[in-house]
Amino acid sequence: MADAPDFDEYLKALGRLTSHVDPTAATPEAEHIAAATAGLGELMATDVAGLAAWVRENPGDVPVLGLAIGLSQEKLKNVLRDRFDTSGWHGLARQRPVELITWLDEEFDLVRMLTAQMDRTYTFADILVARAGTRLTATRAGASGRRIEDHIEDIARDLGLDYVTRSRFSGRNGRTAPADLIVGDPNAPDIVVAAKGFDSTGSKLTDAVREIEEMAEVRLPRQLVLAVIDGIGWKSRQADLRRIHQLWVDRQIDGMYTLVTLDRFRADVTEFARLRRLI
């Protein structure tokens, strides 16, 4: 197994798991949004230069542009932290407005989407579609978590390993812990893997840390414990991510991977499986 890399190196390897949605859902800040939208409508040109000047004068209204491209405030914070290493749109709008708007346009097609939505006449059906967008976002968030699970399951299947998914395994003193992939008999497994992917933040990230800590606590010396973790939501919960990374540094778990390092995950699983004559 490879040694644990520096935490900041791992942090940089985290990527976004979910594709953004294009909703125009109403929010509790309706009056503020209405005022901001009116200001946008008064712009002489809704292009990068015009929008950069607008956010420099109205830094608190950056979330309105986020809504226009399907980003809630939480998702906006996460993508900003991922790109600019800060979630503070006020400072970015005042100090780096052209860079901010240029990136939003290149990454999320801001200018075209904003222009199309401002010029469009909306129907009742559009309102219902927008309201359904929150459920679509939640569904995609769940799908992002399953994306990592699907990848590691594909690897286990390709290697011809016997496994179960999303279950519990037995370890020290008969104690059990949850795992997203269990290779071998869950009552005496050889390899257990946690798969935790989040593009948003919340209590689920802390719960994920606790699950991995529980896996480390109950593991037997002969059991390989791995974690595949990705998603930009972790960048806003770095203390939680550090707890997992420290488990790796302290050799309480045997490996920690992202989607871009799944080739190393495959190699490590293959090596261990051959040593245990599983393949």
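Count residues from 1 along the sequence.
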Using 4.0 Å as the upper bound for N to carboxylate O, is an ion pair formed by [Y] and [X]?
X	Y	answer
Asp154	Arg157	yes
Lys204	Asp207	no
Arg266	Asp158	yes

Between [X] (side chain) and [Y] (backbone), is there a donor-acceptor pair under 3.5 Å?
X	Y	answer
Thr261	Tyr257	no
Glu74	Gly233	no
Asp250	Gln252	no
Arg168	Thr176	yes

Heavy-atom pair with the smallest gap, counting every atom of [X] and [Y]:
X	Y	result
Ser170	Gln223	O-NE2, 3.2 Å
Asp190	Arg276	OD1-NH2, 3.0 Å
Glu99	Arg83	OE2-NH2, 3.7 Å
Val164	Ser167	CG2-CB, 4.3 Å
Leu226	Phe265	CD1-CE1, 3.6 Å
Ala194	Met215	CB-SD, 3.7 Å

Answer whether the closest heavy-atom distance between the side chains of [X] and [Y] falls below 4.5 Å.
X	Y	result
Ile101	Leu65	yes
Trp234	Ile244	yes
Leu110	Trp103	no
Trp54	Asp61	yes
Asp105	Asp47	no
Met256	Ile229	yes
Leu259	Arg147	yes
Val225	Leu247	no

Connected via hydrophobic side-chain network under 4.5 Å: [X] and [Y]:
X	Y	result
Val111	Leu43	yes
Leu241	Val249	no
Leu262	Tyr163	yes
Met118	Phe108	yes
Leu278	Ile152	yes

List the steps, then state whether side-chain contact (heavy atoms from CB on, under 4.5 Å) holds for Lys196 with Ile148.
-> CA-CA 7 Å; Lys196 306 300 178 186; Ile148 294 178; over 6 Å; no
Within a reach of under 6.0 Å around CZ of Arg277, are more than 12 heavy atoms found that belong to other residues, nucleotides or ligands?
-> no
Say you draw a straight line from [atom1] of [X] to [atom2] of [Y]; how long is it, rounded to the nearest 0.5 Å?
X	Y	atom1	atom2	value
Thr37	Gln117	OG1	CD	10.0 Å
Glu213	Ile253	CD	CD1	10.0 Å
Asp82	Lys75	CG	NZ	12.0 Å
Leu92	Gln95	CG	CD	7.5 Å
Leu181	Ile155	CG	CD1	9.5 Å
Ile279	Leu275	CD1	CG	9.5 Å

Taking it one step at a time, do Asn78 and Lys235 satisfy side-chain contact (heavy atoms from CB on, under 4.5 Å)?
-> CA-CA 7 Å; Asn78 286 336; Lys235 294 189 176 184; over 6 Å; no
Quick one: side-chain contact (heavy atoms from CB on, under 4.5 Å) partners of [X], sequence neighbours excluded?
X	value
Arg166	Arg146, Glu149, Asp180
Val218	Phe169, Arg175, Ala177
Arg237	Thr201, Leu205, Thr206, Asp240

Which of parallel (below 30°), tilted (30 to 60°) and perpendicular (above 60°) describes His245 and Tyr10?
-> tilted
Apply side-chain contact (heavy atoms from CB on, under 4.5 Å) to the pair Asp230 and Val260, showing each step before the final yes or no.
-> CA-CA 9 Å; Asp230 213 329; Val260 297; 5.5 Å; no
Please walk me through it: do Ile69 and Asp109 pass side-chain contact (heavy atoms from CB on, under 4.5 Å)?
-> CA-CA 8 Å; Ile69 54 178; Asp109 203 13; over 6 Å; no
